[in-house]
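One structure is given below, encoded as structure tokens.
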2 protein chains.
Amino acid sequence: MSEEFSPRAQRLRDAGHKLTHARLTVLSVLEESGGHVTSAEVLEQVNERDSTIGRASVFRTLDLLTALSIIRPTFIHTSLTPTYVLLPDGHHHHIICTNCNRVIEFEECGLGAMAAELEQRLHVKLSGHLLEFYGLCDRCC
Amino acid sequence: MSEEFSPRAQRLRDAGHKLTHARLTVLSVLEESGGHVTSAEVLEQVNERDSTIGRASVFRTLDLLTALSIIRPTFIHTSLTPTYVLLPDGHHHHIICTNCNRVIEFEECGLGAMAAELEQRLHVKLSGHLLEFYGLCDRCC
DNA sequence: CACGCAGTTGATACAATATCTCAAAATCAG
DNA sequence: CTGATTTTGAGATATTGTATCAACTGCGTG
Ligand SMILES: [Zn+2]
Ligand SMILES: [Zn+2]
Ligand SMILES: [Zn+2]
Ligand SMILES: [Zn+2]
């Protein structure tokens, strides 16, 4: 009986990567976070669960998950630390307040048609997208 | 007779900021770059034009321009350096190849209606957006 | 279920990148 | 021009990510 892995872990394996303890730990931290976590927060959470996992592996895993379009780094406020979001169905959408840096997520998106058109016209194969609006939130208007 | 400034410089002034030499230099570097420049590239270009401008001011200006939705940092490959793009009419769109990290820009976007709907429903005031697709480019398919 | 190899790891030193501090300078309204 | 205020620049410092490489591990094979 083969062990059960999360769908995202399966995607890692299907892409030819090993399901190591370090990778599974990083992935579970990301999955249990509310989204928009910085690398420092991921490092801290990973360390809480298993302090033997090295920093380098955490960064390597974040890069790997990014390459597989499982997560995506975005810049909210400082240019120094990106925050990572999961791309649950391949996409993610939010509004960033340019005054208070609050992030408002929203779900709906009608970008399927645009993606299909781009794929055909530019001969690319798209696996996800991120849509960010900037402006002032209701508190800052 | 008042000096002429670029529309983006005017936006800075209108928002209550001074049009200093450092800020105008950073802005002109960004405007003359092709877009997708890293902070290191901006620093280098600024330094070429006026080596007396300090690093701190360049970073401060990048943050300020970001807050005003004049530019936007995005993450292309390494997690270490964001690249900045101008938001010419408030928006920018590109496709990032998750294999070779090539960036393909495209112009068309039908997000005006979505922006209007979000403004009304969430009581926000939007000033721009960034749309990123991820996938494989034509060379990597 | 042991074997073995390629992929992966972790410790540490290192590199790259951004922020802080504060006296001095520059902007710009009046 | 003058003065109130914002902004600057140098460099030390903090933060964040990478390189190196011997040791280890996942996992296919038999
Ligand atoms: Zn706000
Ligand atoms: Zn979407
Ligand atoms: Zn490519
Ligand atoms: Zn657009």
Side-chain angles (χ1 to χ4, degrees), chain A residues 1-6 9-27 37-47 49-68 71 73-84 101, chain B residues 1-5 9-27 37-68 71 73-84 101:
Chain A
M1 187 178 103
S2 72
E3 206 174 336
E4 285 296 314
F5 291 113
S6 78
Q10 277 300 336
R11 283 175 60 190
L12 263 185
R13 171 177 280 173
D14 293 345
H17 303 282
K18 293 183 179 177
L19 297 187
T20 65
H21 179 57
R23 286 174 176 165
L24 292 173
T25 303
V26 171
L27 192 51
V37 282
T38 64
S39 58
E41 290 165 341
V42 173
L43 276 169
E44 184 188 343
Q45 293 288 323
V46 166
N47 207 53
R49 300 191 189 193
D50 185 343
S51 61
T52 70
I53 295 175
R55 316 161 86 69
S57 289
V58 173
F59 283 108
R60 283 184 291 229
T61 301
L62 290 172
D63 284 347
L64 179 58
L65 294 174
T66 300
L68 295 176
I71 61 174
T74 70
F75 289 98
I76 301 299
H77 177 216
T78 91
S79 37
L80 190 48
T81 32
T83 68
Y84 293 87
N101 299 307
Chain B
M1 184 179 102
S2 72
E3 205 175 336
E4 285 295 317
F5 291 112
Q10 277 300 338
R11 284 175 60 189
L12 263 184
R13 173 176 279 172
D14 293 346
H17 302 282
K18 293 183 176 175
L19 297 188
T20 66
H21 178 58
R23 285 173 177 166
L24 292 173
T25 304
V26 170
L27 192 51
V37 281
T38 63
S39 59
E41 288 164 345
V42 173
L43 275 169
E44 183 188 343
Q45 293 287 324
V46 166
N47 206 54
E48 272 183 25
R49 300 190 189 193
D50 184 342
S51 60
T52 70
I53 296 175
R55 313 180 207 315
S57 289
V58 173
F59 283 108
R60 282 184 291 230
T61 302
L62 290 173
D63 283 347
L64 180 58
L65 294 174
T66 300
L68 294 175
I71 59 173
T74 70
F75 172 110
I76 301 299
H77 178 214
T78 90
S79 36
L80 193 46
T81 34
T83 70
Y84 293 88
N101 300 305

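Bear in mind the structure is a predicted one, so any value in this text is a computation, not a measurement. Below, read A as the first sequence line, B as the second, and so on, with proteins coming before strands; counting in each chain starts at 1.
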For this session: Please state how far atom CG in A:L19 lies from atom P in D:dC24, giving the value in whole angstrom units.
Result: 22 Å
Exercise. A:A22 side chain: which of C:dC28, C:dA18, C:dT9 is closest?
Worked result: C:dT9
Seminar exercise, completed: Angle separating the five-pair end axes of the helix from C:dC1-D:dG30 to C:dG30-D:dC1, nearest 10°, is 60°
Seminar exercise, completed: Separation of D:dT15 atom P from A:E41 atom CD, nearest Å, is 15 Å
Exercise. Whole-Å distance between C:dT8 P and A:I53 CD1?
Worked result: 15 Å
Problem set entry | D:dC27 OP1/OP2 closer than 4.0 Å to side-chain N/O of A:R13 | yes
Seminar exercise, completed: Here the gap from A:F5 atom CZ to A:L19 atom CG, rounded to the nearest 0.5 Å, amounts to 5.0 Å
For this session: Whole angstrom is fine here: how far is it from CG in B:D63 over to C1' in D:dT8?
Result: 15 Å
For this session: Would you mind reading off the distance between B:E44 atom CD and C:dA18 atom P, rounded to a whole angstrom?
Result: 14 Å
For this session: Applying side-chain contact (heavy atoms from CB on, under 4.5 Å), name anything that partners A:A56, two or more places apart in sequence or on another chain.
Result: A:R60
Exercise. Does OP1 or OP2 of D:dT7 have a side-chain N or O of B:H17 closer than 4.0 Å?
Worked result: yes
For this session: Send over the distance from B:D50 CG to D:dG9 P, rounded to a whole Å.
Result: 8 Å
Exercise. Is there a donor and acceptor pair, one atom on the side chain of A:K18 and one on the base of C:dA6, closer than 3.5 Å?
Worked result: yes
For this session: Ignoring backbone atoms, establish whether A:R55 has a side-chain N or O less than 4.0 Å from OP1 or OP2 of D:dG17.
Result: no
For this session: Ignoring backbone atoms, test whether A:S39 places a side-chain nitrogen or oxygen under 4.0 Å from the OP1 or OP2 oxygen of D:dG17.
Result: yes
Seminar exercise, completed: For A:L27, the side-chain contact (heavy atoms from CB on, under 4.5 Å) test, sequence neighbours excluded, returns A:S6, A:R8, A:A9, A:E31, A:L65, A:I70
Problem set entry | Nearest-neighbour nucleotide for the B:T20 side chain, C:dT9, C:dT27, C:dA18 considered | C:dT27
Problem set entry | Of the listed nucleotides D:dT20, D:dT18, D:dG9, the one nearest the side chain of B:S57 | D:dG9
Problem set entry | Rounded distance in Å - CZ (B:F59) to C1' (D:dG11) | 14 Å
Exercise. Distance from A:L12 atom CG to A:L68 atom CG, nearest 0.5 Å?
Worked result: 6.0 Å
Problem set entry | Separation of atom CG in A:L12 from atom C1' in C:dT9, rounded to whole Å | 15 Å
For this session: Ignoring hydrogens and angles, answer whether the base of D:dG17 and the side-chain atoms of A:R60 contain a donor-acceptor pair closer than 3.5 Å.
Result: no
For this session: Measure up the B:F75 and A:Y84 rings against each other and bin them: parallel (under 30°), tilted (30 to 60°), perpendicular (over 60°).
Result: perpendicular
Seminar exercise, completed: Sorted by chain and residue number, the side-chain hydrogen bond (donor to acceptor under 3.5 Å, both in side chains) partners of A:S39 (sequence neighbours excluded) come out as none
Problem set entry | Set of residues satisfying side-chain contact (heavy atoms from CB on, under 4.5 Å) with respect to A:A67, sequence neighbours excluded | none
Problem set entry | Pairwise 5' ranking along DNA chain C for A:T61 and B:L43, keeping only the more 5' one | A:T61
Problem set entry | Qualifying residues under salt bridge (Lys or Arg N to Asp or Glu O under 4.0 Å), relative to B:R49, sequence neighbours excluded | B:E32
Exercise. Which part of the nucleic acid does B:A56 contact within heavy-atom distance under 4.0 Å: base, sugar-phosphate only, or nothing?
Worked result: base
